[in-house]
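Lettering of chains follows the sequences in order, A, B, ..., and the numbering in each one begins at 1.
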Amino acid sequence: MRDDGSEPKTDRDGLIPRHRYTADLAARIELAWQDRWERDGTFHAPNPTGPLADGFDEVADQPKLYVLDMFPYPSGAGLHVGHPLGYIGTDVFARYKRMTGHNVMHTLGYDAFGLPAEQYAVQTGTHPRVTTEANIAIIGAQLRRLGLAHDDRRGVATTDVAFYRWTQWIFLQIHGSWYDAVADRARPIAELEAALAAGEREPDPGTNPSGAAWTDLDPIERRRVVDAHRLAYLQEAPVNWCPGLGTVLSNEEVTADGRSERGNFPVFRRPLKQWMMRITAYADRLLADLDHLEWTESLKNMQRHWIGRSEGAEVRFSTESGPITVFTTRPDTLFGATYLVLAPEHPLVDELVGAAWAAGVDSRWTAGAAAPAEAVAAYRAQAARKSEVDSQSEGRAKTGVFLGAYATNPVNGEPIPVFVADYVLMGYGTGAIMAVPAHDQRDFDFARAFGLPVTAVVAPPTDWPADTSAWKGAWTGEGVGLDSANDEVSLDGLAVPAAKTAITAWLAERGAGQGTVTYKLRDWLFSRQRYWGEPFPIVFDEHDLPVAVPEHELPVLLPEVDDYSPRTFAIDDNTSDPEPPLGRAEDWVEVTLDLGDGPKVYRRELNTMPNWAGSCWYELRYLDPTNENAFVDPAIERYWMGPQHDGDTGGVDLYVGGVEHAVLHLLYARFWHKVLFDLGHLSSREPFRRLVNQGYIQAPAYADDRGFYVEASEVVARDGGWFHDGQTVTREFGKIGKSLKNMITPDDLIAEFGADTLRLYEMFTGPLDQSRPWETKAVVGVFRLLQRIWRNVLDEDTGAVRVADVPADPDTLRTLHRAIAAVRDGMETLRFNTSIARITELNNHLTLRFPDGGAPRDAVEPMVLMLAPLAPHTAEELWQRLGHPESLTREPFPEADPALLIDDTVEIPVQINGKVKTRITVPVGLTVTDLEAAARADVKVIGLLDGQTVRKVIAVPDKLISFVVG
RNA sequence: GCCCGGGUGGCGCAACUGGUGGACGCGGAGGGCUUAAACCCCUCUGGCCCCUCGGGGCUGUGUGGGUUCGACUCCCACCCCGGGCACCA
């Protein structure tokens with residue numbers, strides 16, 4: 001082939017052409033370009049102002065784009081091939097957008113506080129910061145090797161002192177504000193104090209236990225009242241105490257069966273004094289703004305369900321011991337209420353419980369106890385135990401006991417029995433219900449079990465028996481009111497909505513209830529008894545009241561301790577108090593501060609913030625990572641995240657991450673963002689305008705006949721089965737990780753093929769939001785693609801450019817422009833798999849058309865540019881060898897010429913009675929008439945229509961022609 | 001049970017607002033290059049059937065119906081898989 005003999009054409013083995021695209025070559029290219037990008041700051045995104053404003057002038061007229069990934073926890077295990085799926089996806093998108101003229105902001109930091117580093121510290125004595133930094137170094141190197149185009153000046157870690165100082169500052173903002181229900185927003189607490197002092201405002205209900213006038217309260221009482229209004233407040237309230245972990249947990253961290261999400265230890269409800277965040281004040285806004293977000297419907301639904309808004313009414317039933325308030329969504333069924341139920345923990349239970357059973361009481365109501373108090377005590381003990389056992393195994397069978405007391409139904413004055421039963425939950429509504437067995441299935445089941453009357457007050461379908469004792473279940477559908485009238489109000493004949501309105505108005509008039517809205521969402525428990533978290537910027541004074549550490553005292557640094565663990569207890573120890581590790585730093589705990597009244601000794605808050613704190617606002621710090629005067633410069637926030645049009649929420653333009661954060665992180669971050677918005681620190685009212693959940697990569701895992709997983713890399717496939725160590729094993733697909741013994745690391749893949757191949761493979765296996773199995777043997781397909789593109793640009797033997805500077809032929813040009821249109825579409829819709837397919841098609845065309853080289857530059861260069869977001873190293877290298885010294889990062893992405901997207905001729909299917917029988921080739925743009933004429937002139941069609949009566953002809957220009965015969 | 005997704009070749013997946021189903025890739029078959037093999041290149045590849053070897057027919061997108069000249073796409077009912085919630089009054 002080469003006759004000058006100047007250079008051996010193959011490598012040392014004499015087998016592979018010297019300039020073929022191999023893993024070794026890919027590695028050389030990739031490392032060189034990664035160094036160059038870093039050296040040149042290629043991916044730096046200029047801010048409009050501040051220290052990162054260099055180069056802004058050049059992009060000032062471009063649209064901005066903020067692309068964000070959910071940041072990783074720096075685990076010691078490093079990354080597996082599942083982790084980068086989203087990172088690669090956002091990188092491809094961000095690179096594409098840079099090439100279409102956007103100022104793109106994209107970086108990645110670390111969510112680095114958390115339990116694993118702390119547990120490792122407990123075991124080994126290594127400071128969590130040491131572990132964390134080492135892990136960040138490992139993962140940082142893995143990520144860098146992927147060629148992600150991040151602005152590395154911005155990738156902060158939540159554990160950086162310069163970061164958590166501002167986490168503490170934001171806590172002070174939340175602590176320093178209250179929710180003004182009238183203005184429907186958070187306001188600085190000082191404005192509340194002023195309004196209270198001026199007599200313009202009364203304390204909110206429940207915040208002033210004494211009920212005395214503000215002017216009559218002493219300063220300590222006033223502080224307590226004000227503190228009770230704050231968005232971050234201390235509360236002695238039932239919390240989720242997990243003795244096995246030695247800490248309390250948020251509702252979101254407790255599983256449905258009452259165990260800790262982490263560690264699966266029992267969790268107990270018990271009253272403890274803890275920091276809470278008043279997220280419930282934002283329930284309506286968190287719900288309403290979901291409608292403005294570009295999130296998937298399923299994700300929005302998860303948040304909607306978690307917030308759990310229900311409209312209904314509170315109704316007061318009088319008893320001898322005072323009123324019982326119930327919550328119902330069906331006040332229209334009030335005439336059908338035949339008993340009341342209180343949750344076992346309801347505070348009124350003890351007051352209501354009767355002295356003795358009445359004569360002739362139903363034996364099912366007493367649980368065999370001698371007196372109501374005894375029955376209730378036994379039932380409560382049983383209910384408390386039930387959450388410890390598997391609640392599922394109990395099924396839905398209704399249990400409960402009679403309190404030996406009666407309440408009066410306000411609509412008809414009838415006495416109805418009061419029960420305690422665990423199917424009513426203390427944590428929802430008022431912890432008490434009116435039971436309407438005819439129209440609620442749970443009440444129906446209970447009534448049947450306890451022999452209680454079932455009174456129909458909403459008309460069921462006409463084929464239902466008149467006698468409710470023949471009903472098989474409750475009627476929960478719509479219908480008109482029945483037997484629902486007293487002297488003042490009648491619901492008879494009213495449809496459900498009208499009946500609700502009528503009865504609610506009547507109750508309100510009588511002072512026996514009112515319309516209300518209730519939520520499943522609870523306030524957020526914000527204290528953790530852990531070491532590796534943000535210390536609270538709070539101290540306690542001599543009255544044991546909390547005082548904010550002044551801003552200029554921030555940060556409150558984590559103290560050094562000799563033992564990082566909270567005290568843990570026997571997993572069922574429900575009585576010991578939490579002992580946070582910070583309490584061990586004795587000289588840190590006490591601090592002398594001058595808060596305006598001279599130096600005094602204060603005691604520090606010993607809890608730390610939960611893991612979620614940093615992730616509630618990190619996306620804001622990326623914008624302005626070094627600012628020492630503010631958590632983010634408002635002008636910079638407005639530029640990157642501000643609303644783009646009237647009604648826009650603002651926020652990150654694209655946020656990509658796992659669906660496992662559907663409620664916790666995404667709800668908490670929205671809440672903090674809204675507080676900061678209310679206080680005037682932000683222009684955006686939502687953090688993440690558009691959100692996409694990337695799919696999971698699942699890998700084969702193999703189990704032996706005992707059901708134990710075996711190391712997947714040691715399994716061999718043969719004869720249609722799988723074998724490990726000679727034994728048959730079964731295959732399934734699951735999440736990659738240690739537990740399934742199916743770890744596949746990016747490092748292995750990069751060593752074998754290069755980072756660009758890994759990137760292409762992950763993008764090629766399906767749309768970004770779809771889960772897909774990993775199949776290592778299929779990776780070679782995209783590796784070959786890179787090899788073939790390389791070969792169309794460069795001579796494998798000499799490395800010389802083999803592209804021709806001649807105009808592209810019309811056929812090639814059309815193929816190119818069709819590819820451009822499709823590639824762009826795939827990029828915009830995050831369906832990179834289709835983009836790759838079209839690039840492959842184009843390259844295949846060039847290979848076939850120019851088998852000996854000489855593909856036209858006009859086609860090759862656009863192809864290289866289209867490849868760039870997906871396989872950036874290879875594309876950069878080819879671009880440079882094609883004679884362009886500058887990086888292609890901001891080279892304009894090819895644009896399709898609409899004129900070239902259409903052919904001169906088009907192949908039209910000819911259908912007879914809806915079935916494709918043949919195809920004709922006709923010029924593009926034929927009219928309906930001409931198309932029919934062309935079809936009828938076709939020899940094949942003449943044959944097909946011979947002897948047939950054409951009843952109808954449907955001709956769609958450039959699409960098809962269809963004859964209906966018969 | 002309720003709420004979201006999703007069912008297309010042996011496998012991963014394509015198919016614009018209803019208009020040529022299976023793009024692209026893996027795997028497989030055949031051929032080329034090679035002493036040989038690997039690499040690489042080319043051709044074929046949903047299923048069944050017929051064939052005069054040019055090709056032709058039938059069938060096919062989870063199941064059963066429907067709308068339509070025409071359905072992977074729209075409607076109704078159902079089955080299966082994945083995820084979430086689950087006594088929330």
Handout entry: Spacing of the P atoms in B/rC48 and B/rG60 (rounded, Å)
Key = 15 Å
Exercise for the section: Sticking with atom P, work out how far B/rG46 lies from B/rG10, rounded to a whole angstrom. Expected result: 11 Å
Practice task
Taking atom C1' in both B/rG64 and B/rA14, compute the distance separating them and give it to the nearest angstrom.
Solution key: 27 Å
Problem - Whole-Å gap separating P (B/rU68) and CZ (A/R951) - result: 17 Å
Problem - B/rG1 versus B/rC87 - spacing of their P atoms, nearest Å - result: 16 Å
Practice task
Round to a whole Å and report the spacing from NE2 of A/H346 to C1' of B/rA89.
Solution key: 13 Å
Fill in the blank from the handout: Winner on side-chain proximity to A/Q787, out of B/rC87, B/rA14, B/rC40, is B/rC40
Completion exercise
Taken to the nearest whole Å, OH/A/Y696 to C1'/B/rC81 is 17 Å
Problem - Touch class at under 4.0 angstrom, heavy-atom based, for A/P767 against every strand present - result: sugar-phosphate
Handout entry: A/K300 vs B/rG84: side-chain N/O to OP1/OP2 distance below 4.0 Å
Key = no
Problem - Listed nucleotide nearest any side-chain atom of A/D440, set B/rC87, B/rA89, B/rG12 - result: B/rA89
Exercise for the section: Examine distances only and state if a side-chain atom of A/R759 and a backbone atom of A/P869 form a donor-acceptor pair shorter than 3.5 Å. Expected result: yes
Fill in the blank from the handout: Checking A/I961, A/T921, A/L926, A/V956 against A/I908 for side-chain contact (heavy atoms from CB on, under 4.5 Å), the one that qualifies is A/I961
Handout entry: Inter-nucleotide C1' distance (B/rC74, B/rU17), Å rounded
Key = 12 Å
Fill in the blank from the handout: Smallest heavy-atom separation, A/P344 atom then A/R380 atom, equals O-NE, 2.6 Å
Exercise for the section: Give one of base, sugar-phosphate or nothing for A/T518, where a contact means two heavy atoms less than 4.0 Å apart. Expected result: nothing
Handout entry: Flag for A/Y21-A/T874: side-chain donor and acceptor within less than 3.5 Å
Key = yes
Practice task
Mind calculating the distance between CG (A/N792) and C1' (B/rC40) to the nearest angstrom?
Solution key: 13 Å
Practice task
Just call it for A/R831: base, sugar-phosphate, or nothing, with non-hydrogen atoms closer than 4.0 Å on any strand.
Solution key: sugar-phosphate
Exercise for the section: Between B/rG22 and B/rG56, how far apart are the P atoms? Round to whole Å, please. Expected result: 16 Å
Handout entry: Contact pattern, 5' to 3', of nucleotides 2-8 of chain B - B, S or - by protein heavy atom under 4.0 Å
Key = -SS----
Output side-chain donor-acceptor pairs under 3.5 Å for residues 657-666 of chain A, partner residues at least two apart or in another chain, one line each.
from, atom 1, to, atom 2, distance (Å)
A/E660, OE1, A/Y696, OH, 2.7
A/H665, ND1, A/S615, O, 3.4
A/H665, NE2, A/Y655, OH, 2.7

Handout entry: Spacing of A/L768 atom CG relative to B/rG12 atom P, expressed in whole Å
Key = 19 Å
Practice task
Report yes or no: do A/T829 and A/R831 form a side-chain donor-acceptor pair below 3.5 Å?
Solution key: yes
Handout entry: Spacing of CD1 belonging to A/I433 relative to CZ belonging to A/R330, to within rounding of 0.5 Å
Key = 13.5 Å
Practice task
Name all residues meeting the ring pair (Phe, Tyr, Trp, His ring centres under 6.0 Å) criterion together with A/F450; count only those two or more places apart in sequence or in a different chain, and write none if there are none.
Solution key: A/F419, A/F446
Exercise for the section: Over 60° means perpendicular and under 30° means parallel, so classify the ring planes of A/F327 and A/Y428, tilted if in between. Expected result: perpendicular
Completion exercise
A correct dot-bracket answer for RNA chain B, with pairs being Watson-Crick or G-U at under 3.5 Å, [ ] for crossing pairs and | for inter-strand pairs, is (((((((..(((......[....)))((((((.......))))))(((((....)))))..(((((..]....))))))))))))....
Sequence neighbours left out, cut at 3.5 Å: what donor-acceptor pairs do the side chains of residues 819-827 of chain A make with other protein atoms?
from, atom 1, to, atom 2, distance (Å)
A/R824, NE, A/P894, O, 2.8
A/R824, NH2, A/F893, O, 3.2
A/R824, NH2, A/P894, O, 3.2

Handout entry: Proximity to the side chain of A/T328 - top-ranked nucleotide from B/rC42, B/rA89, B/rU59
Key = B/rA89
Completion exercise
So CG of A/L293 and CG of A/L691: to nearest 0.5 Å the spacing works out to 9.0 Å
Handout entry: Comparing A/R772 and A/S310 on RNA chain B - which has the more 5′ nearest nucleotide
Key = A/R772
With 3.5 Å as the limit, what N/O pairs link the protein to nucleotides 16-26 of chain B?
from, atom 1, to, atom 2, distance (Å)
B/rC16, N3, A/K959, NZ, 3.4
B/rC16, N4, A/K959, NZ, 3.4
B/rG19, N2, A/Q911, OE1, 3.2
B/rU20, O2, A/R919, NE, 2.4
B/rU20, O2, A/R919, NH2, 3.3
B/rU20, N3, A/E907, OE1, 3.2
B/rU20, O4, A/E907, O, 3.3
B/rA23, O2', A/E841, OE2, 2.5
B/rG25, OP1, A/N844, ND2, 3.1
B/rC26, OP1, A/R784, NH1, 2.5

Exercise for the section: Could you tell me the separation between the CG atom of A/L785 and the P atom of B/rG12, rounded to a whole number of Å? Expected result: 21 Å
Fill in the blank from the handout: chi for B/rG54 classified (syn = within 90 degrees of 0, anti otherwise) as syn
Problem - Gap between atoms CD and P, on A/E796 and B/rC40 respectively (whole Å) - result: 10 Å
Exercise for the section: Establish, yes or no, whether a centroid distance under 6.0 Å links the rings of A/Y761 and A/W774. Expected result: yes
Exercise for the section: For B/rG84 and B/rG12, measure between their C1' atoms and round to the nearest Å. Expected result: 26 Å
Exercise for the section: Find the distance A/N913:CG to B/rU68:P and express it as a whole number of Å. Expected result: 15 Å
Handout entry: side-chain contact (heavy atoms from CB on, under 4.5 Å) between A/E841 and A/T815, worked out
Key = CA-CA 8 Å; A/E841 254 173 359; A/T815 307; 5.9 Å; no
Practice task
Rounded to whole angstrom, note down the C1' distance from B/rG6 over to B/rU61.
Solution key: 14 Å
Practice task
Have a look at A/L334 and tell me which of A/N409, A/T328, A/T504 forms a side-chain contact (heavy atoms from CB on, under 4.5 Å) with it.
Solution key: A/N409
Fill in the blank from the handout: Per the O4'-C1'-N9-C4 / O4'-C1'-N1-C2 angle with a 90° window around 0, B/rG9 comes out syn
Problem - 5' precedence on RNA chain B between A/T765 and A/R791 (nearest-nucleotide basis) - result: A/T765
